[in-house]
Amino acid sequence: MEISDKPSKEEAEPAFKYIGNVHGDEPVGRELLILLANWLCDNYMKDPLATLIVDNVHLHILPSMNPDGFSLRRRGNANNIDLNRDFPDQFFHMNDDPGAHQPETKAIMRWLEEIRFTASASLHGGALVANYPWDGTENKKKYYYGCPDDETFKYMASIYSRSHHNMSLSEEFPGGITNGAYWYPIYGGMQDWNYLHAGCFELTLEISDDKWPNASELPTLFEYNKMSMLNLVASLVKTGIHGRIFSSDEGKPLSASIAIKGLNSTIHARETLADYHRLLVPGGKYEVIATMPGYKSRSTSIMLGEEAMTVDFVMDPVITPINSFLQRGWSCSLPGPHLEVFFILVLVLVSVFLCFLLKRRVVLNYPKQRQAKRSVLGV
């Protein structure tokens, strides 16, 4: 389901997704997400946080990724496959065959091809902690292994933990957060795949020590997690940098890449609206770089405060000699590549026309040449 003031409409707004019940025997997330959806709809235009989210974020909710596992009350799906081990992995050649993925895995992968999510979280049970990438290590040993956006992920995990009733008070996990590889390494997980292949900043949220509590406990569990779930989604518009990217010559939207100097991580603006949304830790100084093939790169330095910042870019096309001539001589609205083809066609037509004129002149002059020759010979 999608919750927005304009569901299914494209807007220059960030998109967030919650996924519950990845493991069939962990149904708490499934129930809390249904309660969250109801709460947002019931409190829109009444509660400021609900209104902020509905008006400024496209929130997608998948209550159950594994309905067969839920029905069977087991971890795996109908084929008894752990869906959180079924995604392609960055360290080992596993799950590389697209045709071998489970139907649920394929559905998630297609979903991320259709929608450019800024961030997301999956809800699990069996512990109480906010887990962030990386989930695995290169040698399968257990130690802290952070991704390029490690500081941003710790910030996101802390938003959830500190907004929770008691997650941040954990004695096992300082601050109620943990690096996945430091806790226990896994491979083929959905969290790392989201970040690597879709530029989506995903957390794995363990929201209940008891995997399958009594139904009477659900209202309390929802109250414990409600502000965490809301604040995590709201952070997409309250913090970070947001902007749109256009060309200077025609003003068309550009699906440019956005990078932060010093971070080996890139996100992309959408093709249609050219909007981007980049999560960053507040209070830092950053150099934001926009790149696009055929255009000169642009960069700007910012000091990001506690609130979100708008950083738009207008990019200049790389001018080739032929384009430079055309831009000085003509006013034409054809796109760059089409303009060059048009110019070449004009040259070809002019050449053909000149050859035709030259041939016609030779034919017309031939009788005069013969007459001049006869006069010289006295014939």
Going by distance alone, is a donor N or O of one side chain under 3.5 Å from an acceptor N or O of the other, for [X] and [Y]?
X: D82; Y: H23; answer: yes
X: D86; Y: Q102; answer: no
X: N131; Y: D135; answer: yes
X: T310; Y: H242; answer: no

Subject >> Exercise: identify the closest heavy-atom pair between K211 and P27 >> reply: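 Looking at all heavy atoms of both residues, the shortest contact is O-CD, 3.1 Å.
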
Would a hydrophobic clustering, with Ile, Leu, Val, Met, Phe, Trp and Tyr connected at side-chain separations under 4.5 Å, put [X] with [Y]?
X: I258; Y: V314; value: no
X: L232; Y: L52; value: yes
X: I61; Y: M229; value: yes
X: F16; Y: L62; value: no

Side-chain heavy-atom pair [X], [Y] within 4.5 angstrom cut-off:
X: W193; Y: L112; value: yes
X: L205; Y: L123; value: yes
X: H60; Y: F117; value: yes
X: V311; Y: M309; value: yes
X: S122; Y: Q191; value: no
X: Y187; Y: M94; value: yes

**OP:** Begin with the C-alpha distance, continue with both residues' side-chain angles, and end with the deciding distance and a verdict on side-chain contact (heavy atoms from CB on, under 4.5 Å) for W183 and E206.
**Re:** CA-CA 12 Å; W183 185 15; E206 301 282 351; 3.9 Å; yes

Subject >> Stepwise side-chain hydrogen bond (donor to acceptor under 3.5 Å, both in side chains) test for H58 and E11 >> reply: CA-CA 9 Å; H58 281 255; E11 297 183 276; 2.9 Å; yes

Subject >> Any donor-acceptor pair under 3.5 Å from S170 side chain to M167 backbone >> reply: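 No, because the side chain of S170 does not come within donor-acceptor range (under 3.5 Å) of the backbone of M167.
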
Inspect the contact between [Y] and [X] and indicate whether a charged nitrogen and a carboxylate oxygen are less than 4.0 angstrom apart.
X: R278; Y: D149; value: yes
X: E13; Y: K6; value: no
X: E113; Y: R110; value: no
X: R75; Y: E26; value: yes

Original post:
Going by the angle between their ring planes, with limits at 30° and 60°, are F153 and Y195 parallel, tilted or perpendicular?
Top reply: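 Taking Y195 first and then F153, their aromatic rings stand perpendicular (interplane angle over 60°).
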
**OP:** Assign the ring pair Y143 / Y145 to parallel, tilted or perpendicular, where the plane angle (0 to 90°) is split at 30° and 60°.
**Re:**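 Ring orientation, 0 to 90° scale: perpendicular.
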
